[in-house]
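Read the structure below first, then the notes.
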Amino acid sequence: MSEFETRGDLPSFLRPGSPENLDERGAGPLSGAGEGQGEGHDFSGRSWSLTPTLSRTGEGARRGQLYPNCDPDVGRETGISRRALIAGLGAAALLSRPRHARADTPPADAPAPPEKPFVIDLAARGRRTGTAGGTIRTLIAKARDVRYLSVYGYTRLVGYDADLQLRPDLLERVDVEGGRFTFTLRQGHRWSDGHPFTSEDFRYYWEDVANEKALSPEGPPAFFLVDGKPPQVEFLDPVTIRYSWDRPNPMFLPALAAPRDPLIYRPAHYLKTVHARYLGKEAADAKAKALKLRGWAALHNRLDDNYELNNPDCPTLQGWVPRTRSPATRFRFERNRSYHRVDTAGTQLPYVDTIVMDVASQGLLVAKTNAGEADLMFRGLSMPDIPSLKEGEKAHQYRTNLWPVARGSEIALYPNLTTQDSGWRALNRDVRYRHALSLAIDRRTLNNTLLFGLGTEGNDTIVSDSPLYTPELRTLNAGYDPAKASHLLDEIGLTGRDGSGIRLMRDGRAMELVVDSDGEAEMVLDALLLITEFWREIGIRLVTKPQERTNLHRRSVGGMTVLVAAQGLDLAVPTAIMPPTELSPAQPEHYAWPLWSANVESRGKSGERCDIPEVQRLLDLDRQWRDTDDAEKQAAIWREMLMNHAQNTWVIGTVAGALQPVVGADRLVNLPKRALYSWDPTALIGVQRLDEVFWDKAADARAEVR
């Protein structure tokens, strides 16, 4: 029997009677650069000439026969399952190297870099080759925020580099031809516990997680579906996986590079120990019930923890391995000695040995950073904190780097075109009304008040760093002209006013516009105080209604909002190969048209069908983008969608260009002074490669001499 089948014991912390098992912690999973990569490819969407790869298609490539030359009848009489046989073949192929008897030779399963690591040429990118060692301290507002290390640690199958080019990362290479994607893994790549990382881990995810109803009730993620159909998936040998669709799937690779890793592989050797398909449902449920869990799926979800980072026993491929179990106030992560990246001198990354995350109250994050209690800090800090952070630089030997935030608008207003209120729905759908609201906003005052005059005023659109940017996208229908705004409202027929000067709607109601807002976004609430005065000048009374974020989404999807104030376009520094989904109702729960979004997401089962031609055009363009892998066509689609937004003002932008303070200790090397900061696509600081940051030991020596 293979090694996969023999490791049946639960981790110590999950055995009945262990003190750690007194509560039911642990929810299920939420889910650089190409230097030295001679086989790496850009993902421009063009058809490529491919190196021939051994494959088996048709019946033999399905579930029963995954590797070439494997007889599907083997095991029928022996009682060995085909999964066990496949696992054994994969393990044998990678573990069959001869072992030496010398006592100082590490065992074959000891953590180590792959035989063909990802070699990072730091000098080519203007960075320094570093030395290993040391600890980075950072602060988090709550224990659950440890999961963000999987975001800005940014280890992906394919990922964006600092220039937002998509490159192989964990993968040695990716070959793309139309709707066929062939992944090649790195020979000798291992999980953090030393076990081989092979195509078996992809098979386990696809067959035993994504297509297992108990674990994935809705089936595989949407990016796996083309016209509602999943791919043909082949596991050609221990290091080769192929996904094939009948036509291009440009959503696939960008989804793998997302800030939140979809993790289309799992540590099969670890998770099989609790999966009903391998233990039998009765035995698997018994393990779960011994821990007071409902069933084996709940136990599987608790162990499957490559995103939340709450289970130190779960093997990982990320740069740092969790060593602390929640609940705690200090979390420790240690360098993964199986990590796949090395520098040109042969030093394995990450350079830093340990990352320590200390939990502190949100209100104390700035003060503690100012006091020098963090070596690296950014999340939880904002632009108004910059003066305070600057004050502590000299005394505590850190620097406050200012990174431009790549967001369409720091404060955006979303008229709900699908609101249940028929009077407001009619107004929100009138482009003259939307233009009037936009023209009545004094963006210069907002800029000076909220962003120290350093922001960019105008529409909610992409930023100038994007190759798709043109100036009119920012300025069209976004000037300050209250007289024209009043004229447009008069033209609509909103000429009546009450005793306080507020305009009357067609049904006689005063235009008291309730604005639901994200109560957690302080800058949005501050902006609404100013916008209240701007709109009063044109006869509209604004009433702010702060909401908890979950409740805000619930009200929006229910059609109960009239206008929502929130942050603007998230993917504001796109390239053509990134999906333009956020610009149409294809984006789930979009505040401007939530019922249309619900209809698209449910394939017509809920919500409302879009009935405005200009918005339907956005949906058509989004579909056209999905139907092609031609980067030029995709760029043209992006530009038309962006101009559609600028002309119709579906979302009212105000001011963009906030600065994100990124605090780093003076001796931390390779942390950029300036870089774009966003959730998508930069994964906060992820594309800047935290694993390349190191401590300058020479600076310590110079200080001692002085």
Side-chain angles (χ1 to χ4, degrees), residues 30 218 221-226 228 249-252 254-255 257-260 262 406-409 412-419 428 434 459-463 466 468 473 516 518 549-550 552-559 561 563-612 614-627 634 637-646 648-653 678-681:
L30 297 178
E218 298 181 2
F223 63 82
F224 270 117
L225 306 180
V226 174
N249 182 5
M251 299 286 291
F252 188 42
R260 184 163 142 182
R407 184 179 294 123
S409 184
L413 304 165
Y414 297 78
N416 186 352
L417 278 65
T418 62
T419 182
N428 285 346
R434 299 195 301 273
N459 289 317
D460 177 34
T461 191
I462 61 176
V463 300
S466 169
L468 302 170
L473 295 175
D516 288 77
D518 182 353
R549 192 169 296 172
T550 301
L552 176 60
H553 281 284
R554 186 181 300 115
R555 283 177 50 79
S556 176
V557 173
T561 61
L563 189 145
V564 171
Q567 293 178 330
L569 186 67
D570 191 47
L571 180 54
V573 58
T575 62
I577 68 167
M578 298 176 188
T581 306
E582 200 175 349
L583 299 176
S584 79
Q587 169 74 25
E589 300 183 10
H590 195 288
Y591 290 134
W593 36 60
L595 296 185
W596 294 340
S597 291
N599 186 262
V600 173
E601 186 177 22
S602 66
R603 297 181 177 272
K605 296 178 182 178
S606 64
E608 297 178 5
R609 186 177 179 83
C610 176
D611 58 356
I612 293 182
E614 294 83 356
V615 180
Q616 183 59 50
R617 177 60 179 167
L618 292 173
L619 276 170
D620 294 341
L621 288 167
D622 182 80
R623 177 54 188 263
Q624 291 176 28
W625 185 94
R626 295 167 188 253
D627 285 342
Q634 290 174 329
I637 290 167
W638 260 102
R639 292 189 176 100
E640 183 177 344
M641 295 179 77
L642 290 166
M643 184 53 68
N644 182 310
H645 269 257
N648 291 286
T649 318
W650 307 118
V651 180
I652 302 168
S678 68
W679 172 255
D680 190 10

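The model shown is predicted, which means the values in this text are computed figures rather than measured ones.
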Exercise. Do you know which two heavy atoms are closest between G568 and A412, and how far apart they sit?
Worked result: CA-CB, 3.7 Å
Exercise. At their closest point, which heavy atom of L569 faces which heavy atom of T461, and how far apart are they?
Worked result: CD2-C, 3.9 Å
Exercise. Would you say S466's side chain and P574's backbone share a donor-acceptor pair under 3.5 angstrom?
Worked result: yes
Exercise. Does a side-chain heavy-atom distance below 4.5 Å link D622 with P580?
Worked result: yes
Problem set entry | Side chain proximity check, Y591 to L552, heavy atoms < 4.5 angstrom | yes
For this session: Would you give the length of the straight line joining atom CD1 of I462 to atom CG of L642, rounded to the nearest 0.5 angstrom?
Result: 5.0 Å
Exercise. What's the verdict on side-chain contact (heavy atoms from CB on, under 4.5 Å) for S556 and E589, showing C-alpha distance, side-chain angles and the deciding distance?
Worked result: CA-CA 8 Å; S556 176; E589 300 183 10; over 6 Å; no
Exercise. Say you draw a straight line from CG of D680 to CE of M578; how long is it, rounded to the nearest 0.5 Å?
Worked result: 7.5 Å
Problem set entry | Validation row: L571, L583 side chains within 4.5 angstrom (heavy atoms) | no
Exercise. S606 and A598: which non-hydrogen atoms are nearest, and at how many Å?
Worked result: OG-O, 3.6 Å
Problem set entry | Nearest heavy atoms of W638 and P579, plus distance in Å | CZ2-O, 3.6 Å
Exercise. Do L619 and C610 have side-chain heavy atoms sitting under 4.5 Å apart?
Worked result: yes
Problem set entry | Any donor-acceptor N or O pair under 3.5 Å, side chains D620, Q616 | yes
For this session: Tell me, with the steps shown, if W625 and M251 meet side-chain contact (heavy atoms from CB on, under 4.5 Å).
Result: CA-CA 9 Å; W625 185 94; M251 299 286 291; 3.6 Å; yes
Exercise. Looking at side-chain heavy atoms only, is the closest gap between W650 and N644 below 4.5 Å?
Worked result: yes
For this session: Specify the closest pair of heavy atoms between L468 and A576, including all atoms of both residues, with the distance to one decimal.
Result: CD1-N, 4.2 Å
Problem set entry | Between CD1 on residue I652 and CZ on residue R434, distance to nearest 0.5 Å | 8.5 Å
Exercise. Backbone N or O of L473 within a donor-acceptor pair of the N459 side chain at under 3.5 Å?
Worked result: yes
Problem set entry | Under 3.5 Å: donor-acceptor pair, side chain of S597, backbone of P585 | yes
For this session: Over all heavy atoms of both residues, which pair between L413 and P415 is shortest? Give the atoms and the distance, please.
Result: O-CD, 3.3 Å
Problem set entry | Reported CG-to-NZ distance for the pair N599 and K605, which is rounded to 0.5 angstrom | 12.0 Å
Exercise. Hey, is the main chain of T561 close enough, under 3.5 Å, to the side chain of T419 for a donor-acceptor pair?
Worked result: yes
For this session: State whether the side chain of N428 and the backbone N or O of N416 hold a donor-acceptor pair below 3.5 Å, judged by distance alone.
Result: yes
Exercise. Taking atom CZ of R407 and atom CG of D570, what is their separation to the nearest 0.5 Å?
Worked result: 7.0 Å
Exercise. Rounded to the nearest 0.5 Å, how far apart are CH2 of W596 and CD of E608?
Worked result: 8.5 Å
For this session: Can you sort out the partners of F223 under ring pair (Phe, Tyr, Trp, His ring centres under 6.0 Å), two or more places apart, ordered by chain and number?
Result: none
Problem set entry | Heavy-atom side-chain contact between T418 and H590 under 4.5 Å | no
Exercise. Would a 4.5 Å heavy-atom cut-off, applied to side chains only, mark H645 and L618 as touching?
Worked result: yes
